[in-house]
Structure formats: C-alpha cells, structure tokens
> 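Please read through the structure below; I'll follow up with questions.
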Amino acid sequence: MIAPTVRVQAEDFDVVAEETRLTQGRRDIGAVVAFTGLCRDEAGTLHALELEHYPGMAEAEIVRVAEAALERWPLMGLTVIHRYGLIRPGARIVLVIAAARHRAEAFAAAEFMMDYLKTRAPFWKKTHRVDGAQGDWVEAKASDDAATARWDAKPSSPAR
Amino acid sequence: MIAPTVRVQAEDFDVVAEETRLTQGRRDIGAVVAFTGLCRDEAGTLHALELEHYPGMAEAEIVRVAEAALERWPLMGLTVIHRYGLIRPGARIVLVIAAARHRAEAFAAAEFMMDYLKTRAPFWKKTHRVDGAQGDWVEAKASDDAATARWDAKPSSPAR
Amino acid sequence: MKAVYFAWVRERIGVAEEEITPPASVQTVEQLVDWLAARGEGYAAAFANRKSVRAALDKMHVTTQTPIASAREIAFFPPMTGG
Amino acid sequence: MKAVYFAWVRERIGVAEEEITPPASVQTVEQLVDWLAARGEGYAAAFANRKSVRAALDKMHVTTQTPIASAREIAFFPPMTGG
C-alpha cells in the first residue's frame, strides 16, 4: 500500500505541482481526480473565514481517513492538503488528489476523502464579516453526516 | 444556464489554466472537481495510442452531454477538453472540470461527463506497439456501458 | 449522400469517405447497411457483425431503424473508446 | 492531564488549554464533562448542550463512554466544519 501525502498548512497550494508530483514519470496511472474546495461568499458579507484547527490531530486524523481510502480502493497516489488561518472569499481551502488505474476508483476515493474530512478532521470555521461585526462559527451540516454515513452501506469497489 | 467550454484538439492542455479560467474573480464557487485521463501502459509494450475522432460530431456530441449535465446539476462552470492524434504513455488524453457551489454536484457532474464521454463521444483508440508490430483497436468495455446506464436510475440531485 | 467511416470500419472498407447513391428502396439505416454490405468484400467484412457497428446521421447517433430520409451524411464506426 | 479546547468551546471556557486534575472517581469522558461543567459559568455554558460537544483523547475521536484511563490529553470541541 502506498503512503498518502498529507499536509496541514497556512500557505496556499499549487494544484498542478501536487498533481505532477503524483504522476510524473509514471505509465500506470489512468485517472486523476483533483478536488479543490474554495471559500464561498455569495451574500457579499464575508471578509474572510478563519480556520482554526487542532495541530497534531488534524494531520493524524486526515492520515487515518487516507489510510481507510487506501484500504478500500487500489490507489496509486493520494494527496490531501488542508489550510488553516484566514482565508478570503475565492481562495482555496482544501485539496484532495486521488490517482488510480481507472476513473471509478479515483472519483470514489476523492469523494470519500472529502466526505470524511468534513465530519472527522478537527477544523472549525469562523466568519469574519465585512462590516467588522462579530461573526459566527459555521455550524456543522446534517447533510455532511449523511454524506459520510452513505459510505458505510457501499461496497469497497464500485461495481463498474 | 451557463455555456460549457468544449474543445477537441491535438495539443496538450493546461489543467490549472483551465481551472483558473472557470474560477477567477468569483466568490460563488465552493467546489471544483478536475478529472484528468492519462494514457496508461503497464505492460511496457505500448509506444503510443492513436486517437481517431469524427471531426464536428466529436465536439457536437460532447456539447450535448455537457448540456445534459448542466440540466441535471446547478453547475457554475463546465470545461471538457479531449485530445486526438498520437498520445504517449503518461500523457494527458482528456480533461473534465466541473465547478459548483457544493462538492456533491461537482463530483457527480464530472463523473457523469466521463461516463457519457466514454460511450457517446466519437473517438477510437488504436495501439501502436513498441516492437513496431501492427497494433489493435482498443475494444469498448461492457463496464463503460454499465457506468453510463447507472445514471438513468439516479435522481437528478444527489440526496446529500 | 456522403458516407464516412471510422476506425476498423474505415480500414476494412478501405476508404475514409465516399459519395453513395442508394436506391429509393433503401429507407432505414439497416437497409443501407444491407445495401453497402453487398457492395464488396471490404464492405461485407466491415458489416459482418452488425451489432458492433454504430451509425450517425448528420453527426447524431441513430439506431438501425432510423429513416435515412434527407440526411446529407451518414457515418459508420465501432463502439466508441474515447475518454 | 492536559485539557485543550477549540472554537466556541474555547471561547466560552476562556482558555485554550489548561492542566486539570480530576478526582479518581472521574473515569469516563462523560464524567469528566460533568466535573468540568461544575467548575464555573464558562464551563457550564460550553457544555450546556452535551450533544454538540465532541471529545478526543490523545488526538483520537472518542465517545462519551470512553474511559479516560491514562490519557495525557483530552480535547473538547464543536462538530467539525473543515473541508
């Protein structure tokens, strides 16, 4: 089983550099799925999101989820980068890249990683408002728990 | 409904440039899924794949599939680039980028595009062997038809 | 009408495209396949296994029962293997 | 043992971390929450809705029934909102 690349950092990341690191010089990878999560602000009221994390546990928990994905699908590369600190609207928050022989595995593994990250990785978002007023902590969504739970019912390898 | 970006070309493409084109200056996109399909050769016998296509119909059919995806999910961006000509092992063949508010839509739309591309877009792959011997045409896989068919049974928006 | 061929259908027939003038009795894609298959060895080989040949009329996928009607271009090709 | 708090749990308690010395009778995460909640107003506010507080022992998720045993660090935080 390959080792996942996991980083928790304040700095932005470079999607292509990370993708190249996984695929460079290889002839056995047929599918790469890269998920990028961005800071959204449709109302125009958000100055930034502040991402708080639990140092040490954040990395450890992402590695645990990544290892579960690697047990489940025959991946040839898996990279997860999650940022913390102040993140402005439009900026990148999280990156998951899954590389595999076939597309079904790469898609499933990347979506699995994101669903579990949302509910298990110790990060919390606080809003900073444009008007300077005290922002709220973003509340966890029941739909994220449901998205995580549906993997329990699924077979390890998609039947395609 | 937005207009998809569809290109059929011999040249390689730049994943990040395409992703930037979709997301630049926007604050309403929360999720970007980029799928890259690569030329695989684990046996070490492949010199290159030759991708033949039906000019005119290839673009038109990809646009038709893209429009079906846009009807089905509330996407904020959709880009599809498919190459033709001689493609060496490790090189990129196809790119699909789906941008949406939420990750479930972006993942579903990108996978839908790929499943339909495989079975509906008029491209054919011929192998060119390292030893110079006449290569075969790659055969269509029943699993690809099955992957396409499963979308008929699914609701338009994933229940997450 | 113009007929265009791709991949091994093209290789077996030996040309990439040609003008064809089927008789008025040829009304569906299937009847056109029958008519083409009788034109010679290459055509017969291309259409030997009917199930493995797909058709498009004016760059849209069609079934064997689709009327060719006033289409300007018909294409024959194997199941697609793009992506 | 060391207790660490995050997000609004941290804000309500007013410190990010502290050394705590619960009595021997405190054996599970739930019992530790009861003991902490009785320490003052901030703690009571942080643990007012038990269901919305999660815990980790030595950086692993645990349930309220998990024994704290020889853990060196316990963390309390709201449901996670990363990704």
Side-chain angles (χ1 to χ4, degrees), chain A residues 14-17 19-20 23-44 46 76 88-104 106-108 110-112 114-115 117-118 141-150 158-160, chain B residues 14-17 19-20 23-44 46 76 88-104 106-108 110-112 114-115 117-118 141-150 158-160:
Chain A
D14 179 336
V15 182
V16 152
E19 207 167 304
T20 303
T23 58
Q24 188 99 67
R26 296 187 70 149
R27 302 159 68 104
D28 56 351
I29 294 175
V32 179
V33 171
F35 174 90
T36 308
L38 305 165
C39 176
R40 210 157 48 89
D41 169 43
E42 283 178 77
L46 184 74
M76 315 187 93
R88 299 294 305 271
R92 285 176 277 263
I93 298 174
V94 62
L95 175 69
V96 170
I97 307 180
R101 278 191 186 80
H102 306 290
R103 71 187 183 286
F107 273 115
E111 197 165 9
F112 171 95
M114 280 308 304
D115 286 348
L117 269 189
K118 284 259 173 192
K141 285 185 276 182
S143 60
D144 284 331
D145 286 328
T148 306
R150 80 204 155 92
R160 319 167 201 164
Chain B
D14 179 334
V15 182
V16 152
E19 206 166 307
T20 303
T23 58
Q24 189 100 67
R26 297 188 69 150
R27 300 159 68 103
D28 55 352
I29 293 174
V32 178
V33 171
F35 175 89
T36 309
L38 303 166
C39 175
R40 211 156 48 88
D41 169 41
E42 285 177 75
L46 184 75
M76 315 188 94
R88 301 293 305 271
R92 286 175 276 265
I93 297 173
V94 62
L95 175 69
V96 169
I97 309 180
R101 277 189 187 81
H102 306 290
R103 71 187 185 285
F107 272 115
E111 197 166 9
F112 172 95
M114 281 307 305
D115 286 348
L117 269 188
K118 285 258 171 192
K141 284 186 276 181
S143 59
D144 284 330
D145 286 327
T148 306
R150 85 205 151 91
R160 318 169 201 163

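Every chain is numbered from 1 and lettered A, B, ... according to where its sequence line falls, protein lines coming before strand lines.
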> Can you name the residues of residues 90-100 of chain A that have some heavy atom under 4.5 Å away from a heavy atom in chain B?
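At a heavy-atom separation under 4.5 Å, chain B is reached by G90(A).
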> On a heavy-atom basis, which atom in L38(A) and which in I29(B) lie closest, and how many Å separate them?
CB-O, 3.3 Å
> Under 4.5 Å heavy-atom distance to chain B, tell me which part of R88(A) shows up: side chain, backbone, both or neither.
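No part of R88(A) comes within 4.5 Å of chain B.
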> Report the option among G25(B), G44(B), C39(B), A110(B) that has the most heavy-atom pairs separated by less than 4.5 Å from atoms of chain A.
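Highest number of pairs under 4.5 Å: A110(B).
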> Can you find a pair of side-chain heavy atoms, one from V15(A) and one from V15(B), that are under 4.5 Å apart?
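No, too far: nothing below the 4.5 Å cut-off.
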> Please report the closest heavy-atom contact between R40(A) and D28(B), naming both atoms and the distance.
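Looking at all heavy atoms of both residues, the shortest contact is CD-O, 3.3 Å.
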> On a heavy-atom basis, which atom in E111(B) and which in A104(A) lie closest, and how many Å separate them?
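Heavy-atom minimum between the residues: OE2-CA, 4.2 Å.
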> Please give me the minimum heavy-atom distance between L46(A) and R27(B), naming the atom from each residue.
O-NH2, 3.2 Å
> So how far is it from R101(A) CZ to E42(B) CD, rounded to the nearest 0.5 Å?
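R101(A) CZ to E42(B) CD: 4.0 Å, rounded to 0.5 Å.
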> Side chain, backbone, both or neither: which part of Q24(B) has an atom under 4.5 Å from a heavy atom of chain A?
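Contact with chain A is absent: no heavy atom of Q24(B) under 4.5 Å.
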> Given heavy-atom pairs under 4.5 angstrom as the criterion, report whether the side chain, backbone, both or neither of T23(A) touches chain B.
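The side chain, not the backbone.
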